[in-house]
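Counting begins at 1 with the first residue of the sequence.
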Amino acid sequence: MKDQYVGDVNDYIKYALLRALAGAHDGRLHVCWMLTPTDGRTDGGRLTYLADALRFRDFDPRLFDALANLVSADRRSVQAIETTKILPSAIFHADILPDATVGRRLYFAKVWSRLDPGDLIFFDPDNGLEVSSVQRGRRDSSKYLYWDELAIALNDNRSICAYQHFPRRPRAAFVTSLLDQIGDLAPNHDAFAVSSPWVAYIVCAPPDRAHRLYEAAAEVAARPGSRLILGQRSSPHRVGGASD
């Protein structure tokens, strides 16, 4: 996550989804920003939705108004998001995440120390889950969440939601591969994906919570003005509540 992304359409969709997931989950919401410095690029510039309230505001009116106010006041930062109370019960982890291995280890040690069993953790890396071409400790490794970190987060009956940017490859196959890897990593959890035109959100939780989170995501996807599609899931017979 970078401050320059705050308030763009992806940010709007993200918080609407998180608000619904947090409302359906009985543990605390942790927002692990995985914050990296602003890079001077134009990423985060999808703001035209704010000028089309008739089309987009009904998706989440309170959230729309809060983000519109931040953008108009030029207060685009995660700190400003925290003060809006759009995620009122969330615990925020807002330190800068470095590339260096030692600094990264200290960052996540601080995150783990604040978690309780049964919590819901949202990870917001710039790019998403780890790729083989970027090893931990190398340049730009701060843009990724590594699989062993995801595994630690899922301990103690916890749930996660993770941001995932789409690479330049077939999207359905890519999401399926992520869900397969999560299934191998956490066989006692269920997982599903929620996608927008630009990014995906991977949700993984113990089966009882996964069912409630799936229903919450479905409600968001069905709202007026939604750009979300509730798609693939790792164990549909469990997440959906039916039996074989």
Side-chain angles (χ1 to χ4, degrees), residues 1-18 21 31-50 52 56 59 67 76 78 96-101 104 121-151 153 160-186 191-204 214 217 220-221 225-234 236:
M1 177 64 177
K2 299 183 187 298
D3 283 336
Q4 71 202 60
Y5 302 156
V6 168
D8 80 351
V9 69
N10 284 327
D11 221 38
Y12 182 37
I13 294 169
K14 174 177 73 182
Y15 299 132
L17 178 62
L18 279 182
L21 295 180
V31 177
C32 185
W33 291 117
M34 300 185 67
L35 189 64
T36 56
T38 297
D39 59 12
R41 299 172 61 183
T42 58
D43 294 343
R46 292 190 175 98
L47 300 171
T48 56
Y49 79 97
L50 291 171
D52 194 357
F56 290 104
F59 180 55
L67 294 179
R76 299 181 67 187
V78 298
I96 294 287
L97 175 61
D99 285 332
T101 302
R104 185 184 187 101
I121 308 101
F122 172 65
F123 293 103
D124 202 6
D126 285 352
N127 290 358
L129 287 158
E130 74 171 277
V131 294
S132 59
S133 59
V134 182
Q135 296 181 1
R136 193 183 343 240
R138 299 290 181 86
R139 182 180 178 183
D140 289 336
S141 57
S142 56
K143 295 182 178 182
Y144 297 90
L145 177 68
Y146 287 79
W147 286 108
D148 62 328
E149 296 160 348
L150 181 62
I160 68 93
C161 176
Y163 170 96
Q164 177 64 58
H165 184 76
F166 283 125
R168 293 179 179 176
R169 54 181 288 195
R171 292 182 176 183
F174 172 68
V175 172
T176 296
S177 71
L178 291 182
L179 294 177
D180 286 346
Q181 291 178 79
I182 290 175
D184 292 338
L185 183 75
F192 63 90
V194 189
S195 300
S196 79
W198 306 280
V199 305
Y201 298 92
I202 306 298
V203 181
C204 183
Y214 188 85
V220 177
S226 174
R227 306 297 298 273
L228 286 173
I229 298 174
L230 185 60
Q232 294 136 288
R233 43 188 173 170
S234 64

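- By the side-chain hydrogen bond (donor to acceptor under 3.5 Å, both in side chains) test, Asp140 is found to be paired with no residue, residues two or more places apart in sequence or in another chain being considered.
- Taking OG of Ser142 as the start and CG of Leu35 as the end, the distance is 9.5 Å to the nearest 0.5 Å.
- In this structure, CG on Leu178 lies 5.0 Å from CD1 on Ile202, to the nearest 0.5 angstrom.
- Looking at residues two or more places apart in sequence or on another chain, you find a side chain to side chain contact (heavy atoms under 4.5 Å, CB included) between Thr101 and Arg105.
- Checking side-chain atoms of Arg76 against main-chain N and O of Gln4 turns up a donor-acceptor pair under 3.5 Å.
- Under the ring pair (Phe, Tyr, Trp, His ring centres under 6.0 Å) criterion, Tyr12 pairs with Tyr49, Phe59, Phe64, sequence neighbours left out.
- Residues Leu145 and Ala162 come closest through the heavy atom pair CD2-CB, 4.5 Å.
- For Asp180, there are no side-chain hydrogen bond (donor to acceptor under 3.5 Å, both in side chains) partners two or more places apart in sequence or in a different chain.
- Rounding to the nearest 0.5 Å places NE2 of His165 at 8.0 Å from CZ of Arg168.
- Within the 4.5 Å cutoff, the side chain of Trp198 has heavy atoms near those of the Ile13 side chain.
- The two atoms that bring Ala16 and Val220 nearest to each other are O-CG2, 4.1 Å, heavy atoms only.
- Under the side-chain contact (heavy atoms from CB on, under 4.5 Å) rule, Phe166 has a single partner from Ser196, Ser195, Pro197, which is Ser195.
- For Asp124, the salt bridge (Lys or Arg N to Asp or Glu O under 4.0 Å) partners are Lys14, not counting sequence neighbours.
- Every residue two or more places apart in sequence or in another chain was checked for a salt bridge (Lys or Arg N to Asp or Glu O under 4.0 Å) with Arg138, and none qualifies.
- Taking the charged nitrogens against the carboxylate oxygens, Glu130 and Arg136 have no contact shorter than 4.0 Å, which rules out a salt bridge.
- In the model, Lys2 has a side-chain atom that pairs as donor or acceptor with a side-chain atom of Thr36 under 3.5 Å.
- For the atom pair OH (Tyr201) and CZ (Phe122), the distance works out to 6.0 Å, reported to the nearest 0.5 Å.
- Here Ile229 pairs with nothing under the side chain to side chain contact (heavy atoms under 4.5 Å, CB included) rule; sequence neighbours left out.
- Residues passing the side-chain hydrogen bond (donor to acceptor under 3.5 Å, both in side chains) test with Tyr144 are Asn127, sequence neighbours excluded.
- The closest side-chain heavy-atom distance from Leu179 to Phe192 is not below 4.5 Å.
- Cys161 and Val203 make their closest contact through SG-CG2, 4.0 Å (heavy atoms, listed as atom of the first residue, atom of the second, distance).
- For Asp99, the salt bridge (Lys or Arg N to Asp or Glu O under 4.0 Å) criterion is met by no residue, not counting sequence neighbours.
- Annotation: Arg169, atom CZ; neighbour count of heavy atoms from other residues, nucleotides and ligands within 6.0 Å is above 12.
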| request: Might you work through the side-chain contact (heavy atoms from CB on, under 4.5 Å) test for Phe123 and Val31, ending with a clear yes or no? | output: CA-CA 7 Å; Phe123 293 103; Val31 177; over 6 Å; no

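- The salt bridge (Lys or Arg N to Asp or Glu O under 4.0 Å) test applied to Arg227 returns no partner, not counting sequence neighbours.
- Residues passing the side chain to side chain contact (heavy atoms under 4.5 Å, CB included) test with Asp52, sequence neighbours excluded: Leu54, Arg55, Phe56.
- Tyr5 contributes atom OH, which lies 10.0 Å from atom CG of Asn10 (distance to the nearest 0.5 angstrom).
- Closest non-hydrogen pair, Phe174 versus Pro167, comes out as CE2-CD, 3.4 Å.
- To the nearest 0.5 Å, atoms CG (Leu18) and CG (Asp11) are separated by 9.5 Å.
- Listed here is the closest heavy atom pair of Ala151 and Leu185: CB-CD1, 3.8 Å.
- With sequence neighbours excluded, no residue forms a side-chain hydrogen bond (donor to acceptor under 3.5 Å, both in side chains) with Ser141.
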| message | For Leu150 and Ile182: C-alpha separation, side-chain torsions, deciding distance, then whether side-chain contact (heavy atoms from CB on, under 4.5 Å) applies. | response | CA-CA 9 Å; Leu150 181 62; Ile182 290 175; 4.2 Å; yes

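- Between the side chain of Gln164 and the main chain of Leu129, a donor-acceptor pair closer than 3.5 Å is present.
- The two residues Leu67 and Gly7 make their nearest non-hydrogen contact at CD2-CA, 4.3 Å.
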| task | Just do the side-chain contact (heavy atoms from CB on, under 4.5 Å) check on Tyr146 and Val134 with the steps written out, would you? | result | CA-CA 10 Å; Tyr146 287 79; Val134 182; 3.9 Å; yes

